[in-house]
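The block underneath contains the structure these notes are about, expressed in structure tokens.
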Amino acid sequence: MKALIQGCLLEAGLSRGDLTEAEWRILKGLLPIEPENRGRGRRPEQNRSIINGILWRLRCGAPWRDVPPKYGNWNTIYRRFRRWSEAGVWETVAVTLAEVGLSGISCAARRLTIRPSWP
């Protein structure tokens with residue numbers, strides 16, 4: 001189900017600012033979440049929620065503990081952000097997205113690499 005809100009087509013269950021299906025398809029190929037690229041952990045569908053939680057936190061500037069529970073446990077979201085920041089994942093994402101011209105996600109990814117704020 002999709003809804004039209006302020007001129008934007010949103011998929012059911014998505015909040016403003018969450019990744020659309022098209023954005024997620026592009027982004028998930030750049031993240032170390034496929035079975036051959038990751039260890040044990042959440043399935044990729046749940047990783048989308050974690051990424052949305054990271055993006056929510058960066059948009060709002062709130063403490064990590066204030067990330068809404070719908071995105072998952074705040075500590076899991078923070079640890080994933082920190083681990084991927086240390087591994088340079090966000091820099092790779094920002095560069096790749098800038099090359100393909102996805103400025104909205106690219107801006108968020110650049111912010112991830114420029115302002116890795118801790119709790």
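This chain uses plain numbering: 1 for the first residue, then up along the sequence.
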Exercise for review: May I ask you to test the Val67-Tyr78 pair for a side-chain heavy-atom distance under 4.5 Å?
Suggested key: no

Practice item. Locate the shortest heavy-atom distance separating Asn73 from Asn75; write the atom from each residue and the value. Key: OD1-N, 2.7 Å

Review point. Heavy atoms, side chains only, cut-off 4.5 Å: are Ile51 and Trp84 in contact?
Key: yes

**Study point:** Those residues that, when tested against Arg83, pass side chain to side chain donor-acceptor pair (under 3.5 Å) (two or more places apart)
**Key:** none

Review point. Taking side chain as C-beta onward, heavy atoms only, is Val93 less than 4.5 Å from Leu31?
Key: yes

Review point. Distance from Phe81 atom CZ to Arg57 atom CZ, nearest 0.5 Å?
Key: 7.0 Å

Check your understanding: Minimum heavy-atom separation for Thr20 to Arg48, with atom names?
Key -> C-NH2, 3.2 Å

Check your understanding: Any donor-acceptor pair under 3.5 Å linking the side chain of Asn52 with the backbone of Tyr71?
Key -> no

Revision key, fill the gap. Minimal heavy-atom distance between Lys70 and Ser49, with the atoms involved, is O-OG, 4.0 Å

Review point. By side-chain contact (heavy atoms from CB on, under 4.5 Å), which residues pair with Ala87, not counting sequence neighbours?
Key: Val89

Revision key, fill the gap. The side-chain contact (heavy atoms from CB on, under 4.5 Å) partners of Arg25 (sequence neighbours excluded) come to Glu21, Ala22

Review point. Regarding Arg79 and Thr76, is there a side-chain donor-to-acceptor distance under 3.5 Å anywhere?
Key: yes

